[in-house]
Amino acid sequence: MPDALRAVIYARFSTDMQRDASIDDQIRACTEYAHRQGLEIVDTYVDRAISGASLMRSGIQKLMRDAEARRFDVVIAHALDRLSRNQADIAGLFQRLRFADIMIETVEDGSVGEMAIALRGTMNAMQLAAIAAKTREGLRGRAIAGKSAGGISYGYDVVRQFDERGEPLRGDRTINAEEAEVVRRIFSDYTRGSSPKKIAEQLNKEGVPGPQGGKWGASTIHGNRERGTGILNNELYAGRLVWNRQRYVKDPDTGRRVSRPNPEEQWQITEVPELRIVHEDLWTAARERQGVLKSKGTDTPVWDRRRPKFLLSKLMACGCCGGGFAKVSKDAFGCSTARNKGSAVCTNMLTIKREDLEARVLDALEHNLMDPELVEAFCEAYTEERNRLLATASAGRSELEKELAKVKRDHDRLVDAIVNGIPAEQVKDRMLALDQRKKAIEAQLSQEPAASPLRIHPSMAATYRKRIGALIRGLGDAEHMPEAKEAVRALIDRIVLTPTPARDGLVIDLEGTLAALLCLATGRPLKEVNAAANTKKAPGGVHGALAMSDELVLVAGAGFEPATFRL
């Protein structure tokens, strides 16, 4: 008899207020369901105390990676909302699993099809909205009562207490005397004329831990006055609890929450004099000084200025501390960490002119990163890695073909058994399972074409130099400059600037994005160069496979990085 379909179980509960028994109950019910259906359980995936509103969960992410590798045939969950409560996410999960010929089964509804996805997805989205509204009202009640409706601020400790039934009472806090002294010191130094940067530098020199236990930064102190962030803008220090100052919405592309300010009339302000740390006179003096610090010729605060984005912005890193390099004067870049957190964190105070850096980087992109010797080295490593992958794929295809032949033979035997007089009811379920497995294997084989011969264009380096030269010329053309800038940036992974031993200048290491460089070298369109730059790296520095044409797939093995050059 053939093997049963391979099934996996997914279980999840939402918050810390629930318990592991919920996971155990789900797994138990799913296991019993699998046994009734004649399915073989091969793995279990679990997410504990994580909301179903996002797919940013380790358990579901591992399940999807294993699904792409075809390691199972069926996913079983107690209910569809365990997989996701987000309507778009559950539809995307269903499509990806169906593409991999993997079925979804739930204990509550059985086999899940498109109709169930549409109906359940809508119901789950509505339930999620209702839960969010209920949670928000609960937080509003806490804020009105003067209790914490969010995280704990620097300068305070959580008060752990319980009611007569042993249930935790949440939202109470008390002043942390040691941290409160640091808060008062920051306000005092600031009102006496010290900048947030100087205050942070001095605190770091003295080894005073920051709010998260790390180093202090200028932004931790000045924050954003409009959003009420940063030490100097936290009204709780003045004995006023402000809630609902901003709201959060989820970015549909990244799944991350993005803050949006609320109108002031929607704020909930509660007086909590017992939590005051800073005297009103000191608080007022600090606010007055903030009101004076404006950018020249504008009403925008100094720390809120939007600096222009230059060609190499956000691509530079300090070779000493790993922090970013940013504009520190009209025409020079320097280490942000050294300037914002002080010498206790980084001592690299050297700068480099923007024009000089851009000229050296563009020259290296054009003349060094596609050196013929590097291309030859890549081709050799590529050929070896490609052949290894093809051998692995061929072996996997051979196993699938053997299994398909066995499934067909087993099916034919059951047909013969029926012809010889065995009641069809006795073998019906097995025949259905064989039919499903046969279709799954045939679909997988149709998506995995046989290995094709390797071809690499002999004039890659010449094509690259021609196209990169055109891009560089495009930087001086106002009409084509934005597109050329993005294409050039796509070729650069990182620029590391490290002081020389004599500390009389900076050594520049330019690290190119291998997939994008070779994409350009094969004459692909600019939009594919940008897409190549977004190809994610797996752990260990392995670039993901990037389809360049029917014949060419760029594969960089772990540790193989020919696109690195020291200027």
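Asp25 has a carboxylate O that lies under 4.0 Å from a charged side-chain N of Arg28, or vice versa, which qualifies the two as a salt bridge. Ion pair Arg6/Glu40 not flagged as a salt bridge, since none of the NZ, NE, NH1 or NH2 atoms sits closer than 4.0 Å to an Asp/Glu carboxylate oxygen. We find that Asp73 and Arg437 are joined by a salt bridge, their nearest charged nitrogen and carboxylate oxygen being less than 4.0 Å apart.
For the pairing with Val407, the side-chain contact (heavy atoms from CB on, under 4.5 Å) check across Lys438, Gln436, Glu442, Lys439 returns one residue only, Lys438. Glu399 pairs with exactly one of Lys402, Glu403, Glu401 by the side-chain contact (heavy atoms from CB on, under 4.5 Å) rule, that one being Lys402.
Proximity of Met64 to Leu93: side-chain heavy atoms (C-beta onward) are separated by under 4.5 Å at one or more points. Within the 4.5 Å cutoff, side-chain heavy atoms of Glu511 are placed close to those of Val496. Looking at Val8 and Ile76, their side chains never come closer than 4.5 Å, going by heavy atoms from C-beta outward. Looking at Asp101 and Ile441, their side chains never come closer than 4.5 Å, going by heavy atoms from C-beta outward. Val158 has its side chain out of reach of Arg173: every pair of non-hydrogen atoms, C-beta onward, lies at least 4.5 Å apart. Here the side chains of Ile152 and Asp157 are not in contact, with every heavy-atom distance at 4.5 Å or above. The side-chain heavy atoms of Ile495 and Asp509, taken from C-beta on, include no pair separated by under 4.5 Å. You'll find the side chain of Leu414 reaches within 4.5 Å of the side chain of Arg430, heavy atoms only.
Note: Ile102 CD1 to Leu5 CG = 11.5 Å, rounded to the nearest 0.5 Å. Atom OG of Ser84 is separated from atom CD1 of Ile60 by 8.0 Å, given to the nearest 0.5 angstrom. A distance of 12.5 Å separates NZ of Lys466 from CG of Leu471, quoted to the nearest 0.5 Å. In this structure, CG in Leu365 is found 6.0 Å from CG in Leu491, a value given to the nearest 0.5 Å. Leu510 contributes atom CG, which lies 9.5 Å from atom CG of Asp493 (distance to the nearest 0.5 angstrom). Atom-to-atom distance recorded for Asp435:CG and Leu432:CG is 6.5 Å, nearest 0.5 angstrom.
Formation of a donor-acceptor pair under 3.5 Å by the Arg489 side chain with backbone atoms of Ser313 is found in this model. Using a distance-only test at 3.5 Å, with no hydrogens or angles considered, no donor-acceptor pair links the side chain of Arg71 to the main chain of Leu63. Under a 3.5 Å cut-off, the side chain of Arg82 and the backbone N or O of Ala77 do not form any donor-acceptor pair.
When the ring-ring contact (aromatic ring centres under 6.0 Å, His included) test is applied to Phe72, no partner is found at least two apart in sequence or on another chain. Applying the side chain to side chain contact (heavy atoms under 4.5 Å, CB included) criterion to Ile418, with sequence neighbours excluded, gives Ala424, Val427, Met431. For Ala79, the side chain to side chain contact (heavy atoms under 4.5 Å, CB included) test picks out Asp81, Glu108, with sequence neighbours left out. Here Lys408 pairs with nothing under the salt bridge (charged side-chain N to carboxylate O under 4.0 Å, His left out) rule; sequence neighbours left out. For Asp47, the salt bridge (charged side-chain N to carboxylate O under 4.0 Å, His left out) test picks out no residue, with sequence neighbours left out. By the side chain to side chain donor-acceptor pair (under 3.5 Å) test, Glu68 pairs with Arg96, sequence neighbours left out.
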Stepwise side-chain contact (heavy atoms from CB on, under 4.5 Å) check, Lys62 with Asp43:
CA-CA 11 Å; Lys62 186 174 188 301; Asp43 208 344; 4.3 Å; yes
The test is salt bridge (charged side-chain N to carboxylate O under 4.0 Å, His left out); show your working for Arg413 and Asp410 and say whether it passes.
CA-CA 5 Å; Arg413 288 171 186 162; Asp410 290 340; 3.2 Å; yes
In sequence, state the C-alpha distance, the side-chain angles, and the governing distance for Val74 and Ile104, and then conclude on side-chain contact (heavy atoms from CB on, under 4.5 Å).
CA-CA 6 Å; Val74 183; Ile104 300 178; over 6 Å; no
Side chain to side chain donor-acceptor pair (under 3.5 Å) between Tyr45 and Arg57, intermediate numbers included:
CA-CA 11 Å; Tyr45 304 87; Arg57 296 172 262 145; over 6 Å; no
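Between Val112 and Leu80, the shortest heavy-atom distance links the atoms CG1-CD1, 4.2 Å. Nearest heavy-atom pair across Ala67 and Leu97 is CB-CD2, 3.7 Å. Minimum heavy-atom separation, Ser22 to Phe13: OG-CB, 3.8 Å. Minimum heavy-atom separation, Gly469 to Glu366: CA-OE2, 4.0 Å. Considering all non-hydrogen atoms of both residues, Leu312 and Met316 come closest at O-CE, 3.4 Å.
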